[in-house]
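Reading through the structure tokens given below for one structure.
In the text below, chain A, chain B and the rest are named by the order of the sequence lines, each starting its count at 1.
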Number of protein chains: 2
Amino acid sequence: MLIMDGLGDRPYKLLRNKTPLEAARKPNLNKMAHNGETGLMYTLGPGIIPGSDTAHLSLFGYDPVEYYQGRGVYEALGAGIKLKKSDVAFRVNFATIKHNKIVDRRAGRDGCCLDDLAKQIDGMKIGDTRVIFKHTVEHRAVLVLRGKGLSKDVTDTDPHETGVPPKKPKAINKTNSARKTEKVLNSFISKANKLLDGSKENKKRIRRGLLPANTLLIRGAGQYNEIPSLKELFGISASAIAGGALYKGVAKAVGMDVLDVPGATGDKNTNLKNKAEYAINSKSDLVFLHVKATDSFSHDGDYKGKKQFIEKVDKEIISRVLNEFDLMFVSGDHSTFASIGEHTAAPVPILIYGDKKLVRPDLGMFGERRAALGQHRIIGLDVLPILLSKAGIVGKYGE
Amino acid sequence: MLIMDGLGDRPYKLLRNKTPLEAARKPNLNKMAHNGETGLMYTLGPGIIPGSDTAHLSLFGYDPVEYYQGRGVYEALGAGIKLKKSDVAFRVNFATIKHNKIVDRRAGRDGCCLDDLAKQIDGMKIGDTRVIFKHTVEHRAVLVLRGKGLSKDVTDTDPHETGVPPKKPKAINKTNSARKTEKVLNSFISKANKLLDGSKENKKRIRRGLLPANTLLIRGAGQYNEIPSLKELFGISASAIAGGALYKGVAKAVGMDVLDVPGATGDKNTNLKNKAEYAINSKSDLVFLHVKATDSFSHDGDYKGKKQFIEKVDKEIISRVLNEFDLMFVSGDHSTFASIGEHTAAPVPILIYGDKKLVRPDLGMFGERRAALGQHRIIGLDVLPILLSKAGIVGKYGE
């Protein structure tokens, strides 16, 4: 299962009115499409704009309505933090602020010196609450509040736009735990901002021509409850190859074995070749291979970079794994339109390739608009059943 | 409603890279497609491999999750057995065994002498349990155990492969009734095997160059509960034309009037012309016409035979009924890939034809891959509502 994050897009004039996927030179994906099944997938459902976390839960066969626990939980699991039930976990962006207005929500997407800054924040005490704080990839970090009487019922501080101040975290209800969490979070933010502002790490960033990482934007509060594993639900073993903490975290939550792949950074310079080798060498029934940069290029409005990255995936992953698996599924977790730099609800093309006896090739190609000629119109929750039925792991219903 | 069993398939080189349906010469189906609505149907849902029983329940508007009662029930109803609630019914294959290993799960698909053999088995007593046993079509038979304290909670003896011994039936739980049924079934099997082995009917089969029918493979235990009829649920009368006992049985279970059509055998030599005449003469609101051989050819890997049989259906049924009905629905109940001889979860093409004022013709044709261009993407449970709305039997939801 190869997922190119945010794969779906719209056409652009400078790509000769093609989408990045359509425009990309991708001989190996074309070969798969020529001999494979195609179609379109609404990962969550028509008109539902997927988050990356809910989208991946669906692709793994877990209905997010039942299983979703908040983004912070997956980021924390993916960062290697062992969560307790009473912890509250948040996704954090290092961001750039000036005169209390956000200049860049991602501090230029540059991770320089953020490990060192995170270590200074990690271990802070806010009253009887302990702060666990880890930098992950690029501008991303994880915050876990550990203590008594905390709750996930607090609002985000990330306004998801620039030119405005960060929001104040607010209790969503009047329970003591929500109110306490609001208070703890407010104190934490002032303390962290002070630390960031005066830090030698930010001076270093500025010297290097980078944006300072002088505030934290906090979102996606969640509390962790164990859920049944893929082994328990579907009887399959699974491993995961991903750079980003979120994807590792969702994979961990469903009981995948998360592989530690050298150079798999989740950014635009990630080592795709290593990812392919680790996928081939895995002994699991299912291998989930995630690449993130397609989405990042879209968020930054760079549809050309997205196209080129798809070409790189074709060359460095697809060409290598093409004949190594019994069954392959290639898609995105959702669309991210470079035109607006945001996730959209547009359906994403899917591609299923494998043993000729089991696959009915379509007339389509692997592109958003040609995939509409394919046989499948599915939602994300259909993916695993389709793969399991083809793999002979589940049999007939009835006779 | 014309259902060609196991219609969906994949392309084959020797059919010039077409599927049997695509390759078939079918001027009458083409005419319907040209003026009709097309699309693709996952009978039960994406990735769910349909059995023929669950698939037909769906096509008749009955969600199998709610209504499915086990294959044995439908086979028995279809064989004309009046079931009591306490009966346990099984689907049986006459099969060929040598040195306790299965040589052919279907005794060469030949029904020769099996009526006579069945009559000798019918009426056996196993303790206080009475055996009802009927041969139906080809290698198929039905077993009903009638007595006190029996249960459907026993496993199949059919291993669904050759070269291995039949399985022993086992109680699924520790209830007295499951244990008793296991015991009764074991005694029945040894008694029947002895009878078959020494029979003059099998000597006759061998003399004729046929495989001996020297064991029984038993599966699909079920107990019958009446369910609401099509009349009660949808307000329509319905009749059924089918050769196979299973299809007659599902039709009976939903309250259809099962017509006795001379020469409708459910095999490859069935009398399609008679089926067409009986369909035309029926006065019911809905006529269900089933042909089985498309599926049988696929199970035997004979995609050319399948193509030719589709041509025969076009010539002997479609040409005759084309102008006789207000509304026609043509499809399969599921895909059976000749490449593997098994049901698959691949979607099947559908075709809706009728009064021009009510039908919006598509650009597609009636074939697996062209149907992807059609307007419909549905599941089996959608079929009856679509037909009822077009027929004016159900009206608007809201105003």
Revision key, fill the gap. Closest non-hydrogen atoms of A:Leu358 and B:Ile340, given as atom of the first, atom of the second and distance, are CD2-CD1, 3.7 Å
Study note, to complete from the structure: In terms of heavy-atom pairs under 4.5 Å with chain B, the winner among A:Val359, A:Ile379, A:Leu388, A:Leu381 is A:Val359
Review point. For A:Glu226, which residues count as a side chain to side chain donor-acceptor pair (under 3.5 Å) partner, sequence neighbours excluded?
Key: none
Check your understanding: For B:Pro64, is it the side chain, the backbone, both, or neither that has a heavy atom closer than 4.5 Å to a heavy atom of chain A?
Key -> both
Review point. Once you round to the nearest 0.5 Å, how far does CD1 of B:Ile48 lie from CD1 of A:Ile386?
Key: 10.0 Å
Can you pull every donor-acceptor pair closer than 3.5 Å across chain A and chain B?
{"residue": "A:Lys356", "atom": "O", "partner": "B:Arg10", "partner atom": "NE", "Å": "2.6"}
{"residue": "A:Lys356", "atom": "O", "partner": "B:Arg10", "partner atom": "NH2", "Å": "2.9"}
{"residue": "A:Lys357", "atom": "O", "partner": "B:Ser339", "partner atom": "OG", "Å": "2.7"}
{"residue": "A:Val359", "atom": "O", "partner": "B:Arg10", "partner atom": "NE", "Å": "2.8"}
{"residue": "A:Val359", "atom": "O", "partner": "B:Arg10", "partner atom": "NH2", "Å": "3.0"}
{"residue": "A:Arg360", "atom": "NH1", "partner": "B:Asp9", "partner atom": "O", "Å": "3.4"}
{"residue": "A:Arg360", "atom": "NH1", "partner": "B:Pro347", "partner atom": "O", "Å": "3.2"}
{"residue": "A:Arg360", "atom": "NH2", "partner": "B:Pro347", "partner atom": "O", "Å": "2.9"}
{"residue": "A:Gly374", "atom": "O", "partner": "B:Arg377", "partner atom": "NH1", "Å": "3.3"}
{"residue": "A:Gly374", "atom": "O", "partner": "B:Arg377", "partner atom": "NH2", "Å": "2.9"}
{"residue": "A:Gln375", "atom": "O", "partner": "B:Arg377", "partner atom": "NH1", "Å": "2.8"}
{"residue": "A:His376", "atom": "ND1", "partner": "B:Tyr42", "partner atom": "OH", "Å": "2.7"}
{"residue": "A:Arg377", "atom": "N", "partner": "B:Tyr42", "partner atom": "OH", "Å": "3.3"}
{"residue": "A:Tyr397", "atom": "N", "partner": "B:Ile49", "partner atom": "O", "Å": "2.9"}
{"residue": "A:Tyr397", "atom": "O", "partner": "B:Gly51", "partner atom": "N", "Å": "2.9"}
{"residue": "A:Tyr397", "atom": "O", "partner": "B:Thr54", "partner atom": "OG1", "Å": "2.7"}
{"residue": "A:Tyr397", "atom": "OH", "partner": "B:Pro64", "partner atom": "O", "Å": "3.1"}
{"residue": "A:Tyr397", "atom": "OH", "partner": "B:Val65", "partner atom": "N", "Å": "3.3"}
{"residue": "A:Glu399", "atom": "N", "partner": "B:Asp53", "partner atom": "OD1", "Å": "2.8"}
{"residue": "A:Glu399", "atom": "N", "partner": "B:Asp53", "partner atom": "OD2", "Å": "3.3"}
{"residue": "A:Glu399", "atom": "O", "partner": "B:Ser52", "partner atom": "N", "Å": "2.5"}
{"residue": "A:Glu399", "atom": "O", "partner": "B:Asp53", "partner atom": "N", "Å": "3.4"}
{"residue": "A:Glu399", "atom": "O", "partner": "B:Arg71", "partner atom": "NH1", "Å": "3.4"}
{"residue": "A:Glu399", "atom": "OE1", "partner": "B:Arg219", "partner atom": "NE", "Å": "2.1"}
{"residue": "A:Glu399", "atom": "OE1", "partner": "B:Arg219", "partner atom": "NH2", "Å": "3.2"}
{"residue": "A:Glu399", "atom": "OE2", "partner": "B:Gly220", "partner atom": "N", "Å": "3.4"}

Study note, to complete from the structure: Bottom line for A:Val383: the part with an atom under 4.5 Å from chain B's heavy atoms is neither
